[in-house]
Protein chains: 2
Amino acid sequence: MARIVMVEDDPLMREELIDILQKEGFETVAITDFHDIALQIATLAPDLVILDINLPEQSGFEICKSLKSKGIGPILVLTSRDKLQDELHGLYLGADDYLTKPCNRDRLLARIQNLLRRYEGQPSLIDGGSFSLDPNTFTLYKGSQSLVLSANEGGILLALVQNRPEIVSKRALSERLWGTDQYIDENALQVNLTRLRKTLRQLNLENQIETIRGQGYRLRG
Amino acid sequence: MARIVMVEDDPLMREELIDILQKEGFETVAITDFHDIALQIATLAPDLVILDINLPEQSGFEICKSLKSKGIGPILVLTSRDKLQDELHGLYLGADDYLTKPCNRDRLLARIQNLLRRYEGQPSLIDGGSFSLDPNTFTLYKGSQSLVLSANEGGILLALVQNRPEIVSKRALSERLWGTDQYIDENALQVNLTRLRKTLRQLNLENQIETIRGQGYRLRG
DNA sequence: ATTTTCCCTTACACCATTTGTAAGTGTTTT
DNA sequence: AAAACACTTACAAATGGTGTAAGGGAAAAT
């Protein structure tokens, strides 16, 4: 079941939330130490974060921004601040939904399900800057366009995406594709890189792969 | 700029919406013929749909459901129905957000931006019930698993998903794969269906395709 | 109960795609 | 100027996709 992390400093409200969510079958984790909240949440790997705004050490707005920059979501803000400007600010910072207290139990649950549904039906794609890559199938996505890379092309791109923005040596790429127990001429790597660059051009992804002479390759961006 | 399709039968409200959105730089398309709305919207390929609920021929709820089954989204419901049960129903049917009229202009725009931001960068997958399908590459997604179907297997599954839960005749499937100007033995369709069923089993998707003897096939769920 | 019809499955051969090798070219470094 | 490194294109072999053929099973018709 989905893991929901709650950032709420009012003890009574927190217990009530925990009760509602656990009755619904969710795994709940409540933040009680209000220092370095974004870091704590990152290590918890939540499926959804319920975030209050008025907190002791940091504003929920700051936390929201920090979570977003770490790619953690979805984030549902649940706060007593019911002014329109606060809602606009929260949404602007990247909150996925903004609800005000007091909130009807069924409404809260419906909004939570809504966010979970939207995120969990999505494939686990790895962000490559200007594109996304499915590590299972080597399917490359850019906007509404997509294409499937061949095994070799996909293996190379995956290695570069996973190590972005670090340089990946030719030796590491060769081992990634062919292992160490069979001899493949080094030129095969060059050829496959040329094929990959050509394929990337089909999605207008020019100059994504940068050559560092004598060291290896890296993904730009 | 993003294309927003509006389904609103009140002319004054519709004009006001168009004005607000165009001033913001959006491309707007307003539905004025209220028959077969889901089909019209599908051909428009919108980036977002603003949907009223009280409409002349069909309920916005039905349209929402139909759009969702065709993988069209996001959907922002904007309605005068402000009862909690209506909101819950809309979210249950798959609406991505539910706002009631009258709605503050800045709030509406913020919610629209919120949805657009969340969907751009995501591949356009069609919902198949227990799985999702990328119509470009025939990549099949189920949870964190994915695999790429062959052209024939993908073409068959796509047809079934797009017509779900309707029956698709063998003739329609054959025409989808081979057109009408070349003769392919009917058994080729049977063979490819067997191959597709075997591939689906690799993702534990048993019994997804139902045979209706003498009529055709349909997707379960 | 038997026959006919429809659907499914497996194997085979042909076609399309992927990929390592070979050879040539261009650029950068020594 | 020569050497080293990187890139590109073409070719042939290997691999995967797919229609056809043949056989079998189940449901419907007689």
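Note that the structure is predicted; figures quoted are calculated from it, not measured. So that the names make sense, note that chain A is the first sequence line, chain B the second, and so on, each numbered from 1.
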Between CD of A:Gln215 and C1' of D:dA4 the distance, given in whole Å, is 16 Å
Does a donor on one side chain and an acceptor on the other come within less than 3.5 Å for B:Asn136 and A:Tyr141?
-> no
Out of C:dT29, D:dC7, C:dC8, which has the shortest distance to the side chain of B:Thr211?
-> C:dC8
Between A:Gln162 and A:Arg176, is any side-chain donor less than 3.5 angstrom from a side-chain acceptor?
-> yes
Give a yes/no answer on whether the side chain of A:Tyr217 brings an N or O atom under 4.0 Å of OP1 or OP2 in D:dC7.
-> yes
Excluding sequence neighbours, so at least two apart, what forms salt bridge (charged side-chain N to carboxylate O under 4.0 Å, His left out) with B:Arg14?
-> none
Using whole Å, report how far CZ of A:Arg197 lies from C1' of D:dC7.
-> 8 Å
OP1 or OP2 of C:dT29 under 4.0 Å from side-chain N/O of A:Arg213 | no
Contacts under 3.5 Å, N or O only, protein and nucleotides 13-19 of chain D:
{"unit_1": "D:dT18", "atom_1": "OP1", "unit_2": "B:Asn152", "atom_2": "N", "d": "3.4"}
{"unit_1": "D:dT18", "atom_1": "OP2", "unit_2": "B:Ser150", "atom_2": "OG", "d": "2.7"}
{"unit_1": "D:dG19", "atom_1": "OP1", "unit_2": "B:Asn152", "atom_2": "ND2", "d": "3.2"}
{"unit_1": "D:dG19", "atom_1": "OP1", "unit_2": "B:Trp178", "atom_2": "NE1", "d": "2.6"}
{"unit_1": "D:dG19", "atom_1": "OP2", "unit_2": "B:Asn152", "atom_2": "ND2", "d": "3.2"}
{"unit_1": "D:dG19", "atom_1": "OP2", "unit_2": "B:Asn192", "atom_2": "ND2", "d": "2.7"}
{"unit_1": "D:dG19", "atom_1": "O6", "unit_2": "B:Arg195", "atom_2": "NH2", "d": "2.6"}

What's the CG-P distance between B:Leu196 and C:dC8, to the nearest Å?
-> 12 Å
Distance check: side-chain N/O of B:Thr194 vs OP1/OP2 of C:dT9, anything under 4.0 Å?
-> yes
Would you check if there is a donor-acceptor pair between the side chains of B:Thr139 and B:Ser146 at a distance under 3.5 Å?
-> no
To the nearest angstrom, the CD-P distance between B:Gln190 and D:dT20 comes to 13 Å
Between A:Leu177 (CG) and C:dT18 (C1'), how many Å, whole number?
-> 13 Å
Just how far, in rounded Å, is C1' of D:dA21 from CD of B:Glu186?
-> 15 Å
Would you indicate whether A:Lys68, at its atom NZ, is surrounded by more than 12 heavy atoms from other residues, nucleotides or ligands within a distance under 6.0 Å?
-> yes
Is the shortest side-chain N to carboxylate O distance from A:Glu153 to A:Arg195 below 4.0 Å?
-> no
Report the residue (A:Gly216 or A:Lys198) whose heavy-atom-nearest nucleotide on DNA chain D is the more 5′ of the two.
-> A:Gly216
B:Asn187 CG to C:dT5 P, straight-line distance once rounded to whole Å | 17 Å
Give every donor-acceptor pair under 3.5 Å between a side-chain atom in residues 47-58 of chain B and any protein atom, sequence neighbours left out.
{"unit_1": "B:Asp47", "atom_1": "OD2", "unit_2": "B:Arg3", "atom_2": "N", "d": "2.7"}
{"unit_1": "B:Asp52", "atom_1": "OD2", "unit_2": "B:Lys101", "atom_2": "NZ", "d": "3.3"}
{"unit_1": "B:Asn54", "atom_1": "OD1", "unit_2": "B:Arg81", "atom_2": "NH1", "d": "3.0"}

When rounded to whole Å, the CG to C1' distance for the pair A:Leu200 and D:dC7 reads 16 Å
